Amino acid sequence: MSYQVLARKWRPTTFKDVIGQEHITRSLANAILRKKIGHAYLLSGTRGIGKTSVARIFAKALRCNNVLEDGNACGTCSSCLEFNTGNSLNVHEIDGASNNSVDNIRDLIGEVHFLPTSGKYRIYIIDEVHMLSTAAFNVLLKTLEEPPEHVIFIFATTDPGKLLGTVLSRCQRFDFKMATQADLVNHVKKIASAEGIEFESIDSIEQICREGRGSVRDTLTLLDQVLSFAGDKLVTEEILVTSLGLARTTAVRGLMYALLNGDVKDCSSKYRGLLNENIPLKNIVYALLDQVFELIERGNFNEYSRPELFWIYETLSKDSQWGLTSLSPEKVMEIVLQKLALRKTFFTDKVEKTESAVKKKTWESFLAHLIKKSPATASNLEQGNLIKPIELGEDGLIVYFGFPPSSKVFYEYLQDDEIKANLVNFLKIYFAVSNIKFETRLEQGKFKSKADIRQQKTDEVIDAKKQEILNTPIIKEAEAIFNTKVDKVFIRE
Ligand SMILES: [Zn+2]
């Protein structure tokens with residue numbers, strides 16, 4: 001039997017086989033089970049993440065005579081068997097990119113008003129629907145406006161922005177997500193074990209998945225490419241890097257540390273070493289960015305500070321954009337790397353300032369910031385106070401906040417989920433942390449709000465001022481002359 005590419009062989013055939021799109025497959029399976037079927041569906045998202053597969057799985061289940069408990073087609077009824085042959089009379093599929101004319105669409109939906117030859121529905125799947133010509137769209141739109149009871153359209157597109165509002169408004173829309181690295185790694189592991197493919201190390205699997213950049217199909221295509229190079233089914237790092245033109249992880253890591261440690265000479269020599277291995281420049285830069293990202297993600301900021309790594313990632317990412325398309329990309333990128341390595345001499349001042357700016361954020365500075373962004377929330381917080389100082393760590397902030405009994409109404413205001421979520425969001429952005437614990441409590445006894453404390457301070461200042469006035473010689477003298485005492489002092493704001 002001839003070799004079947006992995007992406008095709010492992011194409012999902014049931015809802016649960018689809019990688020990383022549970023939010024969509026569950027809705028569609030439920031729609032089938034509850035028999036709540038619309039006339040038009042739009043599946044959108046980047047290439048190779050399962051839109052067409054989902055369209056087919058859904059179409060098959062829609063026409064199945066004995067749908068299973070999980071919403072999938074049975075695979076054995078007459079309708080399923082007809083579907084499996086690939087030329088069902090009742091499921092029509094075209095690629096909008098290559099069949100985008102009016103005539104193509106007229107041909108496709110010419111029989112739209114005839115009942116299906118069997119079963120309830122006649123289904124039309126149009127892939128890359130945004131590629132249809134305007135005239136073709138208009139033909140389609142007429143049917144879409146008043147679809148016959150038995151007709152269901154399933155559109156797939158990588159570019160929903162190009163679709164007319166009139167089309168969008170008639171479709172139930174499902175946005176596909178990029179597959180996560182973890183999803184891809186698990187999927188490749190599963191395929192590897194079923195196909196008897198061995199990897200020298202888990203690093204190789206991860207590298208293939210990273211190169212797949214969120215697309216299941218691209219990942220499997222890369223795996224095919226590696227396997228065709230491997231000869232047998234053992235994938236070594238050597239095979240991986242040669243077949244995909246990738247940079248060795250260890251070599252890239254070496255380059256990254258040379259750069260981080262500010263060793264310009266070492267940085268250049270490691271970079272040139274990679275170029276000498278004929279690794280495409282773009283792959284070197286990609287791999288380097290991935291390594292820096294991983295370092296940031298691991299979150300160990302003892303040796304290199306977070307602002308420093310952010311700056312490196314951002315600069316490398318921006319500079320490579322123009323560097324790679326410049327007149328002399330190799331040289332430009334070498335200069336960029338040297339610049340990054342030399343950052344301490346250029347920017348010591350800047351980096352330190354950024355760090356101290358991060359450290360200086362306090363509850364007080366937050367309130368001052370909040371009053372500009374959301375005066376209502378800020379003045380609400382004025383009616384309470386911190387129970388104890390905030391705890392601010394690398395990735396989290398803990399706030400215990402209390403209200404005096406007299407501020408019960410403000411305490412209650414903050415119990416509203418939406419208002420609280422809003423405040424937590426402000427905290428996240430301001431303190432640049434992802435985890436916030438914000439607890440509120442109604443305090444007893446003498447607990448004072450910020451407003452109380454301020455009022456108290458103002459009162460004290462005014463009292464002192466009054467006392468000072470009473471003690472001035474001229475007042476004393478006046479009191480002596482009239483043989484009396486000053487009763488009250490009023491101070492205007
Ligand atoms: Zn069936």
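All ligand and atom numbering here is 1-based and tracks the order in the structure. All values below come from the heavy atoms of this structure, side chains included, with hydrogens, waters and symmetry mates left out. No experiment lies behind these values; they were computed from the predicted model shown. By convention here, the first residue in the shown sequence is residue 1.
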**Asked** If you draw the axis of the six-membered ring of Y286, does the NZ or CZ of R213 fall within 45° of it and under 6.0 Å from the ring centre?
**Response** yes
**Message:** Atom CD of residue position Q321 - does it have more than 12 heavy atoms of other residues, nucleotides or ligands inside 6.0 Å?
**Reply:** no
**Prompt:** Distance below 2.8 Å from the Zn ion (ligand 1): how many protein N/O/S atoms qualify?
**Reply:** 4
**Message:** Pair F403, F410 - check ring pair (Phe, Tyr, Trp, His ring centres under 6.0 Å), show working.
**Reply:** CA-CA 8 Å; F403 287 91; F410 299 103; 7.2 Å; no
Could you go through residues 233-240 and list every donor-acceptor pair under 3.5 Å that involves a side-chain atom there, pairing it with any protein atom two or more places apart or in another chain?
{"residue": "K233", "atom": "NZ", "partner": "E195", "partner atom": "O", "Å": "2.8"}
{"residue": "T236", "atom": "OG1", "partner": "I239", "partner atom": "N", "Å": "3.1"}
{"residue": "E237", "atom": "OE2", "partner": "T249", "partner atom": "N", "Å": "3.3"}
{"residue": "E238", "atom": "OE1", "partner": "R248", "partner atom": "NH2", "Å": "2.8"}
{"residue": "E238", "atom": "OE2", "partner": "R248", "partner atom": "NH2", "Å": "3.3"}

Got a list of side-chain donor-acceptor pairs under 3.5 Å for residues 44-56, not counting sequence neighbours?
{"residue": "S44", "atom": "OG", "partner": "D175", "partner atom": "OD1", "Å": "2.4"}
{"residue": "R47", "atom": "NH2", "partner": "D218", "partner atom": "OD1", "Å": "2.8"}
{"residue": "K51", "atom": "NZ", "partner": "G45", "partner atom": "O", "Å": "3.1"}
{"residue": "K51", "atom": "NZ", "partner": "T46", "partner atom": "O", "Å": "2.8"}
{"residue": "T52", "atom": "OG1", "partner": "D127", "partner atom": "OD2", "Å": "3.0"}
{"residue": "S53", "atom": "OG", "partner": "R11", "partner atom": "NE", "Å": "3.1"}
{"residue": "R56", "atom": "NE", "partner": "E93", "partner atom": "OE1", "Å": "2.9"}
{"residue": "R56", "atom": "NE", "partner": "E93", "partner atom": "OE2", "Å": "3.3"}
{"residue": "R56", "atom": "NH2", "partner": "E93", "partner atom": "OE2", "Å": "2.7"}

**Item:** Partner residues of F155 under the ring pair (Phe, Tyr, Trp, His ring centres under 6.0 Å) criterion, sequence neighbours left out
**Value:** F153
